[in-house]
Amino acid sequence: MTEQATGSTGGSATPLQYRQIGDIAVLIIDNPPVNALSLAVRTAIAEAIRKTDADPSVKAVVLIGSGKTFIAGADIREFNLQTQGPPAASAGRAAYDAVDASKKLCVAALHGTALGGGLEIALCCHYRVALPAVKVGLPEVLLGLIPGAGGTQRLPRLVGAELALDLITQGTHVEGSRAAALGIVDELIPGAGFDELLDGAVRFTRQALEGRRPLRRVRDTHGKIKHVNPEVFAGFRDKNAKKWSGLLAPWKIVDCIEAACNESWDVAYAFELACFLECKESPQRGALSHIFFAEREAAKIPGLAADTRAPPINSVAIVGAGTMGGGIAMAFANSGIPVRQLEMSEEALQRGSAIVSRNYETSVSRGSMSRAKADENLRRIRGTLSYEEIGSADLVIEAVFEDLGVKQDVFRKLDEVMKPGAILATNTSTIDIDKIASATTRPESVVGLHFFSPANVMKLLEVVRGAQSSPQTLTTSMGLAKRIGKVAVLAGNCDGFIGNRILATYAREAEFLLEEGATPWQVDAALKQFGLPMGMFLMRDMAGLDIGWRVRQRREATRPKHLRHSRVADLICEMGRFGQKTGAGYYKYDGREATPDPQIEQLIIDAAAKAGIERKPIADAQIVQRVLIAMVYEAAKILEEGFASRASDIDVTYVYGYGFPRHRGGPMYWAEQQGLAKIRDKALAYHEIHGDHWKPVALLAKAAAAGSWKAALGR
Ligand code: 3HC
Ligand code: NAI
């Protein structure tokens with residue numbers, strides 16, 4: 001095989017290299033880091049296809065990505081810049097249409113990821129070959145979009161309407177072997193690197209040419225979308241109605257796939273573009289794209305040298321095999337990292353191990369994990385009673401009782417046995433990290449790793465920075481999160497860190513709203529309507545009211561007495577109502593079924609009267625506004641005090657840890673959309689009415705004047 005020509009479509013800065021291997025033109029997309037389909041890339045592809053069409057020495061084209069990946073989709077950043085209407089937007093399809101109409105046989109060679117527009121352009125090619133480790137998919141829905149370049153039209157033609165509905169509305173990444181079995185990929189090329197893929201693609205292309213395979217366009221295949229029962233679409237909409245409440249894109253995807261089955265190519269393809277543009281202009285798209293970048297930004301620690309060393313974590317020890325210890329162990333085991341779990345007694349170990357086994361059984365019975373995988377993961381978790389046996393782990397996470405003395409005792413022992421350089425982490429949710437670190441001789445290695453329950457499921461990981469946590473400890477911790485599928489946010493060492501500190505503030509305001517005229521069920525319904533997964537009071541009932549009660553009792557002596565304080569929660573606990581587990585809390589329960597309780601309404605009315613508060617009807621919108629502004633207000637204080645780095649970190653915390661509706665972008669993004677000046681004015685009005693809980697925050701005033709958090713903070 002001889003390489004006849006090498007070049008690019010116009011200078012070294014262009015994102016496409018053009019090579020020729022015999023009579024095969026090789027177009028290499030070169031737009032690091034993920035070869036996103038920017039306008040420049042699309043223009044270069046269209047130009048290159050014009051060139052291959054016109055060049056008689058070219059018989060076929062291979063389209064491949066340089067580096068580690070094919071094309072990860074359209075360049076998401078460009079969606080925020082583009083304001084053009086339909087004509088220019090349809091021009092955005094020019095590259096796809098050029099490949100689809102190519103006179104020369106086109107083969108896409110896929111590795112890494114072929115997502116969104118990347119898969120769409122591959123579907124415009126006549127054939128697709130791939131390395132086995134490839135992942136392909138149309139994840140646009142996760143960004144509030146639908147595939148806009150024929151994805152909803154071509155994928156159903158290959159895999160059938162029903163499977164396409166699932167894959168595209170969930171944005172599923174499909175692995176190589178499944179993609180091949182489904183016919184998305186025509187042949188898997190054994191190997192792992194670019195060179196093997198290119199060699200295999202050229203070989204495949206040559207065979208295709210020699211076998212004189214006709215140009216087979218996906219758009220011309222109809223077998224799998226003919227005669228689809230209309231009930232399929234109605235049923236799919238019904239099944240997902242609750243899940244998609246408030247969303248736009250998934251509904252549009254169903255409409256587009258239905259159109260693919262019922263309309264001509266031209267009509268359905270134009271319809272897809274119209275739906276794509278509608279989604280592109282929606283506020284949801286802006287919010288989801290904000291969260292996409294915020295998540296990636298959160299992983300970066302401001303002020304830390306980019307070359308800070310982050311030694312790999314290959315083994316983990318966990319002290320405590322209770323609720324959190326078990327979940328954390330599963331999170332590591334599921335990512336292939338061996339875990340030693342230390343407990344106080346054989347009995348406690350057995351108890352913890354039984355819960356973990358039960359959780360894996362549930363995953364197997366629900367079909368979310370294979371039996372073999374569950375067994376393999378379970379085998380990675382081994383119990384011990386001996387500190388000596390955990391000393392060689394790269395990282396140890398303490399998850400024992402929430403008691404400073406107990407934790408300091410554990411850290412003293414860890415300091416004795418852990419190898420030099422090991423990270424010593426605590427999962428505490430309320431205790432000062434520095435006090436825990438002071439029990440060791442190596443506070444630079446101590447950090448908070450605050451997982452959320454259930455730790456094997458919840459994505460958020462607050463990495464809590466102690467006064468002396470070293471850059472290396474922090475960098476390793478942030479990197480580790482990604483490895484175990486978590487989203488990390490760096491938090492400072494304040495009471496409640498980021499998430500729970502904000503929660504305490506808006507929970508307080510929700511309690512005040514009860515005294516002012518709302519009921520628990522009205523507050524819960526209003527917040528649920530906004531998009532939170534569960535109302536405030538239902539959540540408290542589920543978590544149990546007694547723990548918070550004990551904390552309040554402990555802190556009663558130091559509570560600032562000049563500030564407003566609601567007695568409602570204490571009164572409920574004094575009745576022995578600790579939530580779901582005792583059959584009553586804010587609600588009464590039949591099993592898990594919650595019902596509003598007139599007795600609690602009366603309790604609230606009496607408490608308000610005693611506190612001299614006149615109750616008045618409160619509109620749902622006012623409830624949502626008060627609760628959300630309380631979130632934003634506390635978050636602004638956290639930012640001002642330096643316990644969070646960026647406003648977007650708060651959004652990530654709330655979306656991944658507290659179920660804030662992703663399509664609203666998080667509380668800080670929400671505030672910007674409302675207008676920060678309006679939020680500031682509301683907070684000032686609350687200060688007038690409700691007193692010093694709402695003392696003005698300078699950063700909120702600054703952000704309101706500057707128009708954004710970023711402008712006020714400089715990041
Ligand atoms: N556009 C612009 N930038 C992108 C991008 C995209 N599509 N995908 C990733 N990036 C950037 C990230 O922001 C990050 O930048 P940074 O280093 O400055 O923070 C960098 O590329 C690396 O990304 P990750 O940290 O996420 O790298 P991973 O290796 O963990 O993941 C990935 C790679 C799986 C490709 C992941 O980035 C991803 O899921 N990207 C989005 C894929 C997607 O949604 N594609 C569809 C886009 S919409 C579309 O195609 C519309 C079409 O139908 C017309
Ligand atoms: P848990 O009570 O379920 O488990 C604690 C376990 O630690 C028990 O199995 C106990 O036997 C063991 N243990 C106690 N002292 C020990 C010692 N000296 N050595 C070895 N093992 C010891 O508690 P849970 O809920 O798992 O909480 C653990 C930690 O995680 C606490 O610090 C808590 O604040 C924090 N946390 C809890 C969350 C939750 O939702 N439960 C969420 C986030 C953090």
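In listed order, ligands and their atoms are each counted from 1. Hydrogens, waters and symmetry mates are skipped; everything else that's a heavy atom, side chains included, is used. Note that this is a predicted model, so its numbers are computed, not measured.
Within the model, atoms OG1 of Thr475 and CG of Leu480 stand 12.0 Å from one another, a figure rounded to the nearest 0.5 Å. Atoms CG and CD, from Leu288 and Gln284 in turn, are 7.0 Å apart once rounded to the nearest 0.5 Å. Going from atom CD of Glu295 over to atom NZ of Lys482 covers 8.5 Å, rounded to the nearest 0.5 Å. Remark: Leu342 CG to Leu385 CG distance equals 7.0 Å, nearest 0.5 Å. To the nearest 0.5 angstrom, Glu462 atom CD is 11.0 Å from Leu449 atom CG. Annotation: the span from Arg296 atom CZ to Ile291 atom CD1 amounts to 11.0 Å, rounded to 0.5 Å.
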Given the rule in the side chain to side chain contact (heavy atoms under 4.5 Å, CB included) test, do Tyr96 and Leu37 qualify, once you have shown the distances and angles that lead to the verdict? CA-CA 11 Å; Tyr96 304 88; Leu37 269 178; 3.1 Å; yes

Yes or no on side chain to side chain contact (heavy atoms under 4.5 Å, CB included) for Asp495 and Arg555, after CA distance, side-chain angles and deciding distance? CA-CA 12 Å; Asp495 188 12; Arg555 294 182 174 179; 3.2 Å; yes

Arg93 and Glu272: CA distance, side-chain angles, deciding distance, salt bridge (Lys or Arg N to Asp or Glu O under 4.0 Å) verdict: CA-CA 12 Å; Arg93 282 175 158 182; Glu272 183 196 68; 2.8 Å; yes

Could you walk me through whether Lys486 and Tyr656 pass side chain to side chain contact (heavy atoms under 4.5 Å, CB included), step by step? CA-CA 9 Å; Lys486 304 288 178 206; Tyr656 286 108; over 6 Å; no

Take Asp415 and Thr440 through the side chain to side chain donor-acceptor pair (under 3.5 Å) test and state the conclusion after the steps. CA-CA 5 Å; Asp415 195 27; Thr440 73; 4.9 Å; no

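Paired with Val447 under the rule side chain to side chain contact (heavy atoms under 4.5 Å, CB included), one option of Ile433, Asn493, Val463, Leu395 passes, and it is Val463.
Ligand 1 has an N or O atom lying under 3.5 Å from an N or O atom of Arg296, backbone or side chain. Considering both main-chain and side-chain atoms, Phe292 never comes within under 3.5 Å of ligand 1 through any nitrogen or oxygen pair.
Within a 6.0 Å radius of CE in Met542, other residues, nucleotides and ligands contribute 12 heavy atoms or fewer. For Arg219, the CZ atom is densely surrounded, since the number of other residues' heavy atoms within 6.0 Å is greater than 12. In the displayed structure, Lys135 atom NZ is contacted under 6.0 Å by at most 12 heavy atoms of other residues, nucleotides or ligands.
Here the shortest heavy-atom distance to atom 43 (C) of ligand 1, taken over Gly151, Ala72, Gly92, belongs to Ala72. Distances from atom 46 (C) of ligand 1 to the heavy atoms of Gly150, Gly116, Ala299 show the closest one on Gly116. Residue nearest to atom 6 (C) of ligand 1, selected from Ala149, Gly144, Ala74, Gly73: Ala74 (by heavy-atom distance). Of the candidates Asn35, Leu115, Ile76, Leu115 brings a heavy atom nearest to atom 39 (O) of ligand 1. Heavy-atom proximity to atom 15 (O) of ligand 1, evaluated over Glu140, Arg285, Arg77, His173, is greatest for Arg77. When Leu145, Leu119, Thr69, Val34 are checked for heavy-atom proximity to atom 9 (C) of ligand 1, Val34 turns out nearest.
By the definition of a contact as any protein heavy atom under 4.0 Å away, atom 35 (C) of ligand 1 is in contact. When distances from atom 18 (O) of ligand 1 to the protein are checked, a heavy atom turns up under 4.0 Å.
Scanning the protein heavy atoms around atom 2 (C) of ligand 1, the nearest turns out to be Asp75 OD1, 3.3 Å.
Residue Lys482 has at least one heavy-atom neighbour below 4.0 Å for each of these atoms of ligand 1: 25 (O), 27 (O), 28 (P), 30 (O). For ligand 1, the atoms lying closer than 4.0 Å to a non-hydrogen atom of Pro147 are 53 (O). Those atoms of ligand 1 that come under 4.0 Å of a heavy atom in Pro33, given as number and element, are 20 (C), 21 (O). The contact set between ligand 1 and Leu143, taken as ligand atoms under 4.0 Å from a residue heavy atom, comprises 44 (O), 47 (C). Close approach to Phe293 involves these atoms of ligand 1, each under 4.0 Å from a residue heavy atom: 13 (O). Atoms of ligand 1 found under 4.0 Å from any heavy atom of Glu120 (numbered from 1 in listed order, with element): 52 (C), 53 (O), 54 (C).
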Give every pair made of an N or O atom of ligand 2 and a protein N or O atom lying under 3.5 Å apart, one pair per line with both atom names and the distance to 0.1 Å, or write 'none'.
| residue | atom | partner | partner atom | Å |
| --- | --- | --- | --- | --- |
| ligand 2 | 3 (O) | Thr323 | N | 3.0 |
| ligand 2 | 3 (O) | Thr323 | OG1 | 3.1 |
| ligand 2 | 9 (O) | Glu343 | OE2 | 2.5 |
| ligand 2 | 11 (O) | Glu343 | OE1 | 2.9 |
| ligand 2 | 11 (O) | Glu343 | OE2 | 3.1 |
| ligand 2 | 21 (N) | Glu343 | OE1 | 3.4 |
| ligand 2 | 26 (O) | Thr323 | N | 3.3 |
| ligand 2 | 26 (O) | Met324 | N | 2.7 |
| ligand 2 | 30 (O) | Asn427 | ND2 | 2.9 |
| ligand 2 | 32 (O) | Val400 | O | 3.3 |
| ligand 2 | 32 (O) | Glu402 | OE1 | 2.5 |
| ligand 2 | 32 (O) | Lys407 | NZ | 2.6 |
| ligand 2 | 34 (O) | Glu402 | OE1 | 2.9 |
| ligand 2 | 34 (O) | Ser429 | OG | 2.8 |

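Within the 4.0 Å heavy-atom criterion, the part of Lys300 lying near ligand 1 is the side chain and not the backbone.
Within the structure, the closest approach of Glu78 to ligand 1 does not fall below 4.0 Å when heavy atoms are considered. Within the 4.0 Å heavy-atom shell around ligand 1 one does not find Lys135.
Remark: side-chain polar atoms of Asn35 are not paired, donor with acceptor, to backbone N or O of Gly65 under 3.5 angstrom.
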